[in-house]
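Chain A is the first sequence line, chain B the second, and so forth, proteins listed ahead of strands; every chain is numbered from 1. Note that this is a predicted model, so its numbers are computed, not measured.
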Protein chains: 2
Amino acid sequence: MHPFEGISEQHTQTIMKARKRVIEAIGKNMGLYGVTLSVGHLYGMLFFSEKPMTLDEMGKEMEMSKTSMSTGVRMLLDLKMVHRVWEKGARKDLYEAESDWHQTFADYFAIEWRTAVEANVHALNRSAGELRRLLEEHGGDEALASAVSKDLEKIESALSYYDWLDRLIDTLESGKIYDLVPKEKP
Amino acid sequence: MHPFEGISEQHTQTIMKARKRVIEAIGKNMGLYGVTLSVGHLYGMLFFSEKPMTLDEMGKEMEMSKTSMSTGVRMLLDLKMVHRVWEKGARKDLYEAESDWHQTFADYFAIEWRTAVEANVHALNRSAGELRRLLEEHGGDEALASAVSKDLEKIESALSYYDWLDRLIDTLESGKIYDLVPKEKP
DNA sequence: AAGTTTGTACAGTTTTTTCTGTACGTTCTA
DNA sequence: TAGAACGTACAGAAAAAACTGTACAAACTT
């Protein structure tokens with residue numbers, strides 16, 4: 001990261017310091033996306049890099065092993081926070097940070113939260129089915145019916161929440177969210 | 001967790017199995033809220049418990065130390081996923097899972113994401129200020145102006161995103177989100 | 001086809017996090 | 001006011017994770 005040809009040492013320092021503050025902040029808060037401090041830092045670095053970077057360049061800049069860069073980049077790729085870039089006759093793979101953070105946010109939900117919703121809904125439906133069957137077959141048993149009904153209520157309430165969450169994620173994924181909450185300040 | 005008085009062993013098994021599946025799924029996916037598998041599991045357990053639980057009861061049920069229950073509960077309290085319950089002349093503290101998951105979801109953003117937004121915005125503004133000053137004072141320097149402008153653009157784009165995210169969180173916190181994405185299926 | 005170069009799998013090490021047991025301050029009981 | 005019970009701070013042990021170096025397969029160069 002020395003893109004500052006023709007710029008004095010002092011001004012370079014100022015720019016680097018400004019960048020570093022932001023990178024640090026980003027890195028620290030990317031725990032919300034389930035990534036390490038160092039992976040967050042890697043993203044921040046790529047965010048400011050004006051040209052796509054290779055694994056070797058990242059490793060040098062971060063003072064970390066190439067292996068770590070490889071796994072770090074893969075995580076960021078999975079989250080769609082980074083994408084591979086093609087360049088004429090390039091030997092090495094090149095990576096670039098996704099700069100549209102609205103998109104990144106939406107992707108995160110479409111990828112991670114959607115998966116969780118599906119897994120939970122699956123479990124909830126399965127259990128709800130079993131409980132409903134129990135209720136059908138032994139509905140006469142007062143104590144049983146009462147206990148099962150309580151659980152079923154909780155499960156149904158959870159399912160209703162996930163239904164809503166799923167629709168919320170839909171609006172993020174489709175971009176319809178920007179009709180509801182506009183990008184530009186009202 | 002043996003609320004099943006007057007229910008046969010076999011039916012108790014069925015209910016427990018249904019619960020366990022859900023608790024497991026919940027626990028597994030609560031990593032999205034930044035908590036451990038075991039804390040997620042604790043939450044799931046509380047979710048199905050029909051009466052509020054004490055730390056000792058949780059420890060017994062989870063087969064974990066009371067200390068772990070204490071710290072686990074505090075995390076869940078911080079996330080507002082669990083709240084303390086008052087009971088007539090109770091020696092021990094009692095805790096209960098927040099059952100409104102819409103609220104839990106909203107609180108999570110209001111608590112964790114809002115904090116992150118604020119920290120990042122702070123850093124971005126600070127750095128933007130420094131860069132703008134640099135630009136004002138040495139705008140004549142072609143190379144400098146070009147480099148600084150690129151960084152400023154990125155920062156401003158990020159700030160614009162955070163402004164949007166902040167407003168999105170507002171709609172979650174105020175409940176206005178349910179006008180935009182209704183709880184009930186359309 | 002031989003020789004490089006590149007990215008990643010894997011095993012081992014280091015670091016971090018999670019969990020436990022003890023100790024102690026606080027609050028309730030008698 | 002003495003005694004017991006409760007919750008948590010803290011330090012150490014156990015478990016999990018992050019990170020590194022080596023080794024190797026795939027792709028490219030010549």
Exercise for the section: Could you tell me whether a side-chain N or O of A:Arg167 sits under 3.5 Å from a main-chain N or O of B:Pro182, the two making a donor and an acceptor? Expected result: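 Yes, the answer is positive, given that a donor and an acceptor are paired below the 3.5 Å cut-off.
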
* Asked: Are the ring centres of B:Tyr33 and B:Trp113 closer than 6.0 Å?
  ->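 Distance test on ring centres: not under 6.0 Å, no.
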
Return yes when atom NE2 of A:His122 has more than 12 non-hydrogen atoms of other residues, nucleotides or ligands closer than 6.0 Å, and no otherwise.
->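 No, NE2 of A:His122 has 12 or fewer neighbouring heavy atoms, counting only those of other groups under 6.0 Å.
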
What is the distance from [atom1] of [X] to [atom2] of [N], rounded to the nearest Å?
X: B:Asp56; N: C:dT20; atom1: CG; atom2: P; result: 14 Å
X: B:Met69; N: C:dG21; atom1: CE; atom2: P; result: 12 Å
X: A:Leu37; N: C:dT16; atom1: CG; atom2: P; result: 10 Å
X: A:Lys92; N: C:dT8; atom1: NZ; atom2: P; result: 13 Å
X: A:Met64; N: D:dG21; atom1: CE; atom2: P; result: 11 Å
X: A:Asp93; N: D:dA27; atom1: CG; atom2: C1'; result: 11 Å
X: B:Leu77; N: D:dT8; atom1: CG; atom2: P; result: 9 Å
X: A:Leu94; N: C:dG7; atom1: CG; atom2: C1'; result: 13 Å

Ignoring hydrogens and angles, are the base of C:dG21 and the side chain of B:Thr67 linked by a donor-acceptor pair under 3.5 Å? yes

Strictly below 4.0 Å: does [X] bring a side-chain N or O up to OP1 or OP2 of [N]?
X: A:Lys66; N: C:dG7; answer: yes
X: A:Arg74; N: C:dA9; answer: yes
X: B:Ser65; N: C:dT20; answer: yes

Handout entry: Residue of the set B:Glu156, B:Glu137, B:Glu153 for which salt bridge (Lys or Arg N to Asp or Glu O under 4.0 Å) holds with B:Arg132
Key =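 Going through the options one by one, the only one that passes is B:Glu156.
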
Taking C:dT8, D:dC19, D:dT8 as options, the one with an atom nearest any side-chain atom of B:Leu55 is D:dT8

Per atom distances to the B:Thr36 side chain, the nearest of C:dT8, C:dC19, C:dC28 is C:dC19

By nearest-heavy-atom nucleotide on DNA chain D, the more 5' of A:Ser38 and B:Ser70 is B:Ser70

Exercise. How are the rings of A:Tyr161 and B:His102 set relative to one another: parallel (under 30°), tilted (30 to 60°) or perpendicular (over 60°)?
Worked result: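 Because their plane-to-plane angle is over 60°, the rings of A:Tyr161 and B:His102 count as perpendicular.
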
